[in-house]
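Just so it is clear, the values below take in all heavy atoms, side chains as well, and ignore hydrogens, waters and symmetry mates. The first residue of the sequence shown is numbered 1, and numbering continues consecutively from there.
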Amino acid sequence: MSKTLYETDYLKWIETTVAKLRMGDYSHIDWENLIEEIEDMGKSERRSLESNLTVIMTHLLKWQYQPEFRSGSWRGSINEHRRRIRKALKDSPSLKPFLAEVFAECYADAVEQAIAETGLSVEVFPEICPYSSEEILSSEFLPE
């Protein structure tokens, strides 16, 4: 069985697909793989948002519960991941409901990560996220 261009040269497949779309050559489009790629793009955007949210929450927890170890790198990481989320929400406002949907799950992941990084026990951290989504995304907010 011969391999498709999609399987042998992904970049060439993209270039070829774009050229066919621009020319209106819809009968020769690899629709199955194109649809799959578009679906994966949406999944990737959601995974990225979850990852950035979890990183912010983890650093905010460490900032609050280990004040003696506060550093510029924590602050820089918080700022960078906030910026990524703000840009993602600006480019794709439909991600906003997804942010609310995964908020609690991301917090649970952040607690798990904070425990691993700090050595603190699970009892130290609140069961429910003590920060609102507005605080998490605000460049002005750092817990005390």
Go through the steps for E50 and R47 under the test salt bridge (Lys or Arg N to Asp or Glu O under 4.0 Å), then give the verdict. CA-CA 5 Å; E50 286 181 89; R47 280 192 303 271; over 6 Å; no

Using side-chain heavy atoms (C-beta onward) and a distance below 4.5 Å, is [X] in contact with [Y]?
| X | Y | result |
| --- | --- | --- |
| L49 | E45 | no |
| E68 | Q66 | yes |
| L61 | Y107 | yes |

Mind checking the [atom1]-[atom2] spacing from [X] to [Y]? Nearest 0.5 Å is all I need.
| X | Y | atom1 | atom2 | result |
| --- | --- | --- | --- | --- |
| W63 | L142 | CH2 | CG | 5.0 Å |
| K3 | T8 | NZ | OG1 | 8.0 Å |
| E80 | I56 | CD | CD1 | 9.5 Å |
| K96 | S133 | NZ | OG | 6.5 Å |
| D109 | T58 | CG | OG1 | 8.0 Å |
| K90 | R83 | NZ | CZ | 13.5 Å |

Tell me yes or no: between the side chains of [X] and [Y], is some donor less than 3.5 Å from an acceptor?
| X | Y | result |
| --- | --- | --- |
| D30 | W13 | yes |
| E37 | Y6 | yes |
| S121 | E123 | yes |
| E7 | T4 | yes |

Within 6.0 Å of [atom1] in [X], more than 12 heavy atoms from elsewhere:
| X | atom1 | result |
| --- | --- | --- |
| E15 | CD | yes |
| I38 | CD1 | yes |
| M41 | CE | no |

[X] (side chain) donor-acceptor with [Y] (main chain) under 3.5 angstrom:
| X | Y | value |
| --- | --- | --- |
| S77 | S73 | no |
| E105 | V102 | no |
| T118 | A114 | yes |

Any idea which heavy atoms bring [X] and [Y] closest together, and the distance?
| X | Y | answer |
| --- | --- | --- |
| R82 | I136 | NE-O, 2.6 Å |
| T16 | L5 | OG1-CD2, 3.7 Å |
| Y131 | L60 | OH-O, 3.3 Å |
| Q64 | P143 | OE1-CB, 3.5 Å |
| C106 | M57 | C-SD, 3.7 Å |

Taking it one step at a time, do N33 and T17 satisfy side chain to side chain contact (heavy atoms under 4.5 Å, CB included)? CA-CA 10 Å; N33 285 316; T17 301; over 6 Å; no

If hydrophobic clusters are built by linking Ile, Leu, Val, Met, Phe, Trp and Tyr wherever their side-chain heavy atoms come under 4.5 Å apart, do V55 and L53 end up in the same one? no

Let me check something: do I29 and L11 share a hydrophobic cluster, defined by ILVMFWY side-chain heavy atoms less than 4.5 Å apart, either directly or through other members? no

Between E144 and R70, is there a salt bridge with N-O shorter than 4.0 Å? yes

Show, in sequence, the C-alpha distance, side-chain angles and deciding distance for I85 and H81, and conclude whether the side chain to side chain contact (heavy atoms under 4.5 Å, CB included) test is met. CA-CA 6 Å; I85 290 177; H81 292 275; 5.7 Å; no

Measure the acute angle between the ring planes of F125 and Y65, then classify it against the limits of 30° and 60° as parallel, tilted or perpendicular. perpendicular

